[in-house]
Amino acid sequence: MAGTSSQTGHEGAPGGGQPAAARAVWSRDFALFFTARAVARLGDTMLPVALAAGLLQHGYGAGAVGLAMAATAAAFAGLVVFGGVLADRFSTRKLMIGADLVRLGTQALAAALFFSGHVVLWQICAIGFANGVAGAVFQPGVASTVPRLASDVQGANGAIRVAESAAQLAGPAVAGLLVGFASPGGVFAAHATTYAISALCLLLLRLPPLAPGSRAVSGRGSKAFRADLAQGWREFRSRRWLWSVIAVWCVYMIAVWGPTVPLVATEVVQEHGPRAYGLVNSALGAGTVVGGLIALRLRPLRMLRAGAIALVGFAAFPASVGAGLGIPAMAAGAAVAGAGMSFWGVMWATSVQTQVPPDVLNRIHAYDVAGSLAMMPVGQALAGPAASALGADHVLLLAGATSFAVCAALLLIPAVRGLVRADAAAAGPGRTATAAAEPSRTQKC
């Protein structure tokens, strides 16, 4: 797991060479993984545009687009926990390559259907479901791969977050160009290509060997599989800081994130037009890039406390739209929200990857992902009825207020606000005290 490299993250290399933090992150193998994640994210952000344009072009409505997306989300959320068990039992690299190859095939099939003009909704939903299953197999292995490739886990997570945020900014624009100059089938073909590139990068990747005892499994067969699943749950439940954050996050998904995404889109498009929504969405993406860059520099002693404080900034997004402010103010609120969310994401991912033992990390990450996503569809489903009853602007203002309450709840939980970063705790009380006294190297929050 992460060592003490974050303590030297801002020191220069001897002889004026590469900074220590860069040496602790960048290597041939991490660059391959970094490229795989960035390219795959680029493709994933192109998919909604392709689905919407393609299905609408073939006579289907918005409900069909939502159904196709829901098929992927349902398969992923329902099976990612089982994917965590597989990742702890088998080679994560091989599982991820296999998942990418499956999605290469499914998206190539979707491209062929759209190119041929023979588009049937159930077939697109079935393809989406297969993609969700592949994603559920792929995602858990990401958690354990990062600390195996970089000793500076926070720096690695920050770099990946910046790349994924940049890809999220570019993806919809690239998809729009492909739809305009080619067809929706061209977007699906490009999406399939991103999975091919990801699989190739992972194929060239060479992970260091696991430490002895870092893959403890209970044998073979369904009984052993269930035992591993239960062990993952026990490990998850035994860490108060972990399950407390997920419990609070369920509220966040229902009351903040779930309604914010659809209602912001509706309000901004209706009041200011689609171009204004594109600008606000771009500002959100730019903010996430900034948040990732900040996370590369700041090394808080108590990472979750620092992340929760930064997350307060997300309230500016729904509140600015709900208050009916102008486009510049909404864009500024979106940028602040993106930065806060991105910084929290790096702090959270690094905490999980460095505080959890390697032998259960993939399962713990799977429970984390499943719990984080479980309530998002509920929040999205309730957004419409809530807006009808209270007004969309009032729901967004309430989401902003709830965002403050969620951050306060995180900070009120002793296990969350008091969790000390793993490398500082491993260094011992004396080293921790020294690190806390040096804000230029460890920013205490």
Side-chain angles (χ1 to χ4, degrees), residues 45 48-49 161-162 164-173 176 249 251-295 297-298 306-347 376 379-380 382-411 445:
T45 57
V49 177
R161 178 58 62 101
V162 169
E164 290 181 340
S165 299
Q168 190 166 355
L169 272 173
W249 208 250
V251 177
Y252 191 85
M253 286 288 117
I254 293 174
V256 182
W257 184 260
T260 292
V261 174
L263 293 184
V264 163
T266 302
E267 287 295 287
V268 176
V269 170
Q270 287 180 346
E271 295 295 326
H272 303 282
R275 290 185 179 179
Y277 177 65
L279 176 63
V280 171
N281 219 31
S282 295
L284 180 68
T288 61
V289 173
V290 173
L293 292 172
I294 294 173
R297 300 294 300 173
L298 292 184
I309 293 171
L311 192 60
V312 171
F314 189 83
F317 187 30
S320 62
V321 178
L325 302 181
I327 295 173
M330 289 189 292
V336 171
M341 178 67 78
S342 182
F343 186 82
W344 160 263
V346 174
M347 297 299 106
M376 183 170 64
Q380 291 174 332
L382 293 176
S388 299
L390 303 174
D393 54 345
H394 289 95
V395 175
L396 288 170
L397 289 172
L398 184 60
T402 306
S403 184
F404 279 109
V406 164
C407 297
L410 291 172
L411 293 170
C445 295

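Side-chain atoms are counted along with the backbone in the values below, which use heavy atoms only and exclude waters and symmetry mates. Because the structure is a prediction, the values reported are computed rather than measured.
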| task | Quick one: closest heavy-atom pair of Glu267 and Val321, and the distance? | result | CB-CG1, 3.9 Å
| What's the spacing between Glu271 CD and Ile327 CD1 if we round to 0.5 Å? | 10.5 Å
| field | Nearest heavy atoms of Ala167 and Thr45, plus distance in Å | value | O-OG1, 3.5 Å
| To the nearest 0.5 Å, how far apart are CE in Met253 and OG1 in Thr260? | 9.5 Å
| said: Using modelled atom types and a 3.5 Å cut-off, is there a donor and acceptor pairing between side-chain atoms of Thr402 and backbone atoms of Leu398? | reply: yes
| What is the distance from atom SG of Cys407 to atom CD1 of Ile309, rounded to the nearest 0.5 Å? | 9.5 Å
| said: Nearest 0.5 Å, please: how far is NE2 in His394 from CG in Leu263? | reply: 13.0 Å
| request: Look at the aromatic rings of Trp344 and Trp249 and report parallel, tilted or perpendicular, splitting at 30° and 60°. | output: parallel
| Shortest non-hydrogen contact from Ala283 to Ala331? | CB-O, 3.3 Å
| said: Using side-chain heavy atoms (C-beta onward) and a distance below 4.5 Å, is Phe343 in contact with Leu298? | reply: yes
| field | Non-hydrogen atoms of Ser342 and Gly292 that approach each other most closely | value | OG-N, 3.2 Å
| OG-CG distance between Ser165 and Leu284, expressed to the nearest 0.5 angstrom | 9.0 Å
| request: Specify the closest pair of heavy atoms between Ala315 and Gly400, including all atoms of both residues, with the distance to one decimal. | output: CB-O, 3.4 Å
| field | Contact summary for Ala295 and Met347, nearest pair of heavy atoms | value | CB-CE, 4.2 Å
| field | Side chains of Pro259 and Leu396 in contact at under 4.5 Å (non-hydrogen atoms) | value | no
| request: Compare all side-chain heavy atoms of Met341 with those of Trp257 and state whether any distance is below 4.5 angstrom. | output: yes
